[in-house]
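Here's the structure, in structure tokens; my notes come after.
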Amino acid sequence: MTMGKYFFGKLCEQSIFHFHKSQRIRTMARYNSNSHLYSDIPNLNNRIAKPSSEFYSVFSKEEVLEIIHALETRREIPLKYSYKGRGAKIWDDFYLKYAIPKWYRTSNVEIDLLNQNFTFIIDKFKNCQKINIVDVGAGNSYPVKRFIYKLNNIGLINKYIALDISEELLNISNANFKKWFPKLGFASALLDIENNCIPPSLLENQNQVKSESPAKIILHLGVTMGNHHNRIKVLTNFRNSMERNDFLVFTNEIGSNAQWDGRARGGCKYHAEQVYKWIKNKIGIKSEDCQLLRKYDSETDSIVANMKILSDYTINFDFGTINKDIEISTGEEITIWRHHKYEMPELMQEIAKAGLELVHYSTNKYLSHAMVICQMASNY
């Protein structure tokens, strides 16, 4: 080998060495600037999702923390949060399009069941001068319109109180109610019934003695009971919001969840699709990296709509003092919509566990839905 070739070879080796060294230095500097250790360098195929500014404008710090906790512990974004912000219009549009009676769809299960049970309910309150209607999860208030109209005609209603987790839906409820019943008393407040009881202050009138307070009918319609993650906790919060003469009235689908035929209908189809689009957009997960699945979940005995993640993802929550990364692996699923049908023995057990007792129930003509009327258990 000539001396020229020897020195040329050495020069090449040194150039390659310094090139790789400089690349390592730049790589380490890049990760150090992001406060990561070199050993913590993520997989190059990992995607980063950052919730949008609109996402943080919709949710409080406590709600963001609950979403993070639900994602970490059970891979779920609670359905109740899909009704906030833009989600309120999604729900209102869905309800007006698919649930309001029209010439080609003359019935609505909630309205029909309230009408069917009207006489029974009124007979129980015939000795009351006035009653308050407390609508928990009021939405747009359409399901109670006819019911309130009939109560008003006989002079029994004192005040209608709309409660919901979504301020936007309360605004819709307020506008609707004042248009329908401009002379009736109306009040509204934000409430997450999974985490709170109904505040007694909402029911009090000035200069009114507590013993003279009107009895109340608490409504929880829209088959919402089956959407809750912890139904017994919700029923317990209702019980702790009640006095001895109050009624809790709720609706739900009945039957076996395990016998689901695989066909998406109603909320499982139309509402779940819109929730899926909303979450993708606001959380920052690309459409090509996820898909919507609907299935029976044996662990919770529920029909669920899940977002299946097709690539490794890190969801970075950065909100005030919150800075939290949630790692989602390829193939994992996030529940974004759920519904649980009740079989009657199970329903009775959950009511009893919550310190309630069944007063009356009835079903629609297809035996697919039930309206359940409860009161505080006599031994409570």
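Just so you know, residue 1 is the first one in the sequence shown, and it goes up from there.
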*asked:* Using a strict threshold of under 4.0 Å (side-chain N to carboxylate O), is an ion pair present between R231 and E346?
replied: yes

*Output, in order, the C-alpha distance, side-chain angles, deciding distance and verdict of salt bridge (Lys or Arg N to Asp or Glu O under 4.0 Å) for E76 and R338.*
CA-CA 10 Å; E76 180 168 6; R338 68 160 64 246; 2.8 Å; yes

*Is the closest basic N to carboxylate O distance between K84 and E63 below 4.0 Å?*
yes

*Work out which heavy atom in L190 is nearest to a heavy atom in E167; give both atom names and the distance.*
CD2-N, 3.4 Å

*asked:* Using side-chain heavy atoms (C-beta onward) and a distance below 4.5 Å, is R294 in contact with I303?
replied: no

*asked:* Is a donor from one side chain sitting under 3.5 angstrom from an acceptor on the other, for K145 and N176?
replied: no

*Exercise: do K61 and T321 side chains pair donor with acceptor under 3.5 Å*: yes

*Test ring-ring contact (aromatic ring centres under 6.0 Å, His included) applied to W278 and Y81, step by step*: CA-CA 11 Å; W278 188 89; Y81 290 132; 9.7 Å; no

*Does K150 count as lying over the ring of F118, i.e. NZ or CZ under 6.0 Å from the six-ring centre, within 45 degrees of the axis?*
yes

*asked:* Just checking Y296 against W260, ring centres under 6.0 Å apart?
replied: no

_Pairwise salt bridge (charged side-chain N to carboxylate O under 4.0 Å, His left out) hits with a residue in residues 95-124, at least two apart_ = none

*side-chain contact (heavy atoms from CB on, under 4.5 Å) partner of L356, the single match among M348, E350, M242, Q375*: M242

*asked:* Assigning hydrophobic clusters by single linkage (Ile, Leu, Val, Met, Phe, Trp, Tyr; side-chain heavy-atom cutoff under 4.5 Å), is L151 placed with L248?
replied: no

*asked:* Any donor-acceptor pair under 3.5 Å linking the side-chain atoms of N140 with those of S173?
replied: no

_D325 versus T314, side-chain donor and acceptor atoms under 3.5 Å_ = no

*Is any NZ, NE, NH1 or NH2 atom of the basic residue among K324 and E72 found under 4.0 Å from an Asp or Glu carboxylate oxygen of the other?*
yes

_Between D318 and K50, does any NZ, NE, NH1 or NH2 come within less than 4.0 Å of an OD or OE carboxylate oxygen?_
no

*Do H360 and N117 have a side chain donor and acceptor closer than 3.5 Å?*
yes

*asked:* What verdict does the side-chain hydrogen bond (donor to acceptor under 3.5 Å, both in side chains) test give for S256 and K341, after you've listed the backbone C-alpha separation in whole Å, the side-chain angles of each residue and the deciding distance to 0.1 Å?
replied: CA-CA 6 Å; S256 170; K341 291 182 182 180; over 6 Å; no

*Check whether I121 and L221 end up in the same hydrophobic cluster, where Ile, Leu, Val, Met, Phe, Trp and Tyr are linked by side-chain heavy atoms less than 4.5 Å apart.*
yes

_Stepwise salt bridge (Lys or Arg N to Asp or Glu O under 4.0 Å) test for E168 and K89_ = CA-CA 8 Å; E168 295 80 8; K89 187 175 188 313; over 6 Å; no

*asked:* Are I165 and F250 linked, directly or through intermediate hydrophobic residues, by side-chain heavy-atom contacts shorter than 4.5 Å (ILVMFWY only)?
replied: no

*Is any side-chain N of the basic residue among K269 and E273 closer than 4.0 Å to the acidic one's carboxylate O?*
yes

_For a quick check under 3.5 Å, do S368 and N364 share a side-chain donor-acceptor pair by atom type?_
yes

_Transitive ILVMFWY side-chain link L169 to M225, under 4.5 Å_ = no

*Determine whether the side chains of H229 and H340 contain a donor N or O and an acceptor N or O closer than 3.5 Å.*
no

*In terms of ring plane angle, is the pair F125 and F247 parallel, tilted or perpendicular, where the classes change at 30° and 60°?*
perpendicular

*Test E194 against K233 for salt bridge (Lys or Arg N to Asp or Glu O under 4.0 Å), laying out the working first.*
CA-CA 7 Å; E194 282 193 318; K233 184 178 179 182; over 6 Å; no

_Aromatic ring pairing F177/Y160, orientation class (parallel under 30°, perpendicular over 60°, tilted between)_ = parallel

_Residue from V109, N115, I111 passing side-chain contact (heavy atoms from CB on, under 4.5 Å) with L113_ = V109

_Side-chain H-bond candidate by donor/acceptor type, N46 with D312, under 3.5 Å_ = no

*Measure centre to centre between the rings of H228 and H220, then say whether the value is under 6.0 Å.*
yes

*Examine the side chains of E66 and N195 and answer whether a donor and an acceptor come within less than 3.5 Å of each other.*
yes

*For residues Y361 and A370, report the shortest heavy-atom separation together with the two atoms involved.*
CD1-CB, 4.4 Å

*asked:* What I want to check is whether the side chains of Y95 and N108 have a donor and an acceptor closer together than 3.5 Å.
replied: yes

*Identify whether the distance between the nearest side-chain nitrogen and carboxylate oxygen of R75 and E333 falls below 4.0 Å.*
no

*Relative to the ring of Y270, is the ring of Y98 parallel (under 30°), tilted (30 to 60°) or perpendicular (over 60°)?*
parallel

*Is it true that the side chains of K159 and N132 contain a donor and an acceptor less than 3.5 Å apart?*
no

_Suppose we call two aromatic rings close when their centres sit under 6.0 Å apart. Are H271 and Y276 close by that rule?_
no

